[in-house]
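See below for the structure under consideration.
Chain naming here is simple, since letters A, B, ... match the order of the sequence lines and numbering starts at 1 in each. For the numbers below, each heavy atom of this structure counts, side chains included, while hydrogens, waters and symmetry mates do not.
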Protein chains: 2
Amino acid sequence: MEAPQHEERRTQVRGAKFRALVLDATIARIAEAGIDHVRFADVADKAGVHEASLYRRWKTVPRLLIDALLTRTQAEVPIPDTGSVRRDLKMFTTDLARFAQTPIGTALIRFTVASDNAPDIESSRREFWMQRLSAAEEIIERGKKRGEVDPGADARLVVLTLGGLIHLHVTHLGTGIPTTLPGQAVALILPGITPS
Amino acid sequence: MEAPQHEERRTQVRGAKFRALVLDATIARIAEAGIDHVRFADVADKAGVHEASLYRRWKTVPRLLIDALLTRTQAEVPIPDTGSVRRDLKMFTTDLARFAQTPIGTALIRFTVASDNAPDIESSRREFWMQRLSAAEEIIERGKKRGEVDPGADARLVVLTLGGLIHLHVTHLGTGIPTTLPGQAVALILPGITPS
DNA sequence: TCTCCATCGCAAAAAAACTTGCGATATGAG
DNA sequence: CTCATATCGCAAGTTTTTTTGCGATGGAGA
């Protein structure tokens, strides 16, 4: 029932190829078992690699997870630019919702929340999200230039509000995010940032 | 360096008293070491109780945590009723922010997000939050009756939005929540639910 | 008060997680 | 192409976590 899920390999693999192999196996393991059930032993088996090598290279499971998630999650949520703040925000929220509901997206959200004392992991997570949030703030900034948005509006607050909503839905409601939610959320917030 | 932190007890304790002792020790342990560093061994020592008893009664650490957090966290965030939706929402958000920043509040938020496959835990967590959120929706409903809020406004959406914002702040920004945030957040949302 | 029994402490043992020494081999530098 | 070296597989060992059998006891009910 737990047959090795890798093809037999005669030669030893190491370096970049080794890393890629392990990272892919990690992502696959996250997707199939959930981020809380990823163990070095499983990943090693799936990657056709030895467990001890994982201990040596990544030292701890959280380190492996953050490495895999961050390097395998580039630009999953694009920043739209349609010329309309409403459309942009709705698209952004919709894309975010879709990604948040994939196994990897859920894992990323859950993992980002899980506290961990290792400072390097903590900073990696923070940098990751700050980067994403700052990118999304661009939607608001463009709206300001077009006169669609009140210049005094807090771009970060808007992004955090929408992001937090999706976040809560995924983590607490568990059930799927209604397709109408992004539109409703944007409609709720938009009047608060339109020029008076 | 790790001296037993409990008073010596000659007699054996069990039943409700045993449970209370362990739950208190668990809360104390969460507060002092963070929810990720709570182990049966520590809690048992602090409670002056045997580790194996914890394994038998709660089986896993997450079960103990959810039990302790839920039974020791009653009505930490009151639902205000000042006659003004703006004031009510602001007070609610402020109280939520304050609680969210206590060690127990943070633990509760973080833990609620952490995935766990045990179905009973999952449902406990969901029920807990749904109960809190539903209570907060009352603020909006009262506003509708007073004509302050558009009857078509989605009370749950409002609550989820504010809650999600605080949630995100605690989990991602790590740093303290600015005292101005609750007011800003309410100001952002209010125009979206006022009668047109 | 007395008895019964579920619950607890204790200790031993099983399982899981993590570490380490050593020989082998990719891989990159010269 | 050849060599030096860091990285990997392997297996044995160590530590931490979880389980279990058994005797003891507190507490509920007769």
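- Closest approach of B:Ala100 and B:Val170 over heavy atoms only: CB-CG2, 3.6 Å.
- Distance CZ (B:Phe18) to C1' (C:dG9): 10 Å, rounded to an integer number of Å.
- Between the CZ atom of A:Arg14 and the P atom of C:dA24 there is a distance of 13 Å, rounded to whole Å.
- Side-chain atoms of A:Asp95 do not come within 3.5 Å of backbone N or O of A:Val77 as any donor-acceptor pair.
- Whole-Å rounding puts the B:Arg19 CZ to C:dC8 C1' distance at 17 Å.
- Contacts of A:Ala52 with the nucleic acid, taken as non-hydrogen atoms under 4.0 Å apart, include base atoms.
- Distance, B:Leu21 CG to C:dC8 P: 11 Å, rounded to whole Å.
- D:dT7 atom C1' lies 14 Å from atom NE2 of A:His50, rounded to whole Å.
- A parallel orientation is assigned to the rings of A:Trp129 and B:His172, their planes being inclined by less than 30° (bins at 30° and 60°).
- A:Arg57 comes within contact range of the sugar-phosphate backbone alone, with a heavy-atom separation under 4.0 Å but no base atom that close.
- Within 4.0 Å of B:Phe40, counting heavy atoms only, lies no atom of the nucleic acid at all.
- Straight-line distance from the NZ atom of B:Lys17 to the C1' atom of C:dA6: 18 Å, rounded to whole Å.
- Taking atom CZ of residue A:Arg39 and atom C1' of nucleotide C:dC18, one finds them 14 Å apart after rounding to whole Å.
- Side-chain N/O atoms of A:Arg72 and A:Thr26 include no donor and acceptor closer than 3.5 Å.
- At a threshold of 4.0 angstrom between heavy atoms, the contacts of B:Arg56 include nucleobase atoms, whether or not backbone atoms are also involved.
- Note on B:Tyr55: a side-chain N or O is less than 4.0 Å away from OP1 or OP2 of D:dT18.
- Going from atom CD of A:Gln12 over to atom P of C:dT27 covers 9 Å, rounded to whole Å.
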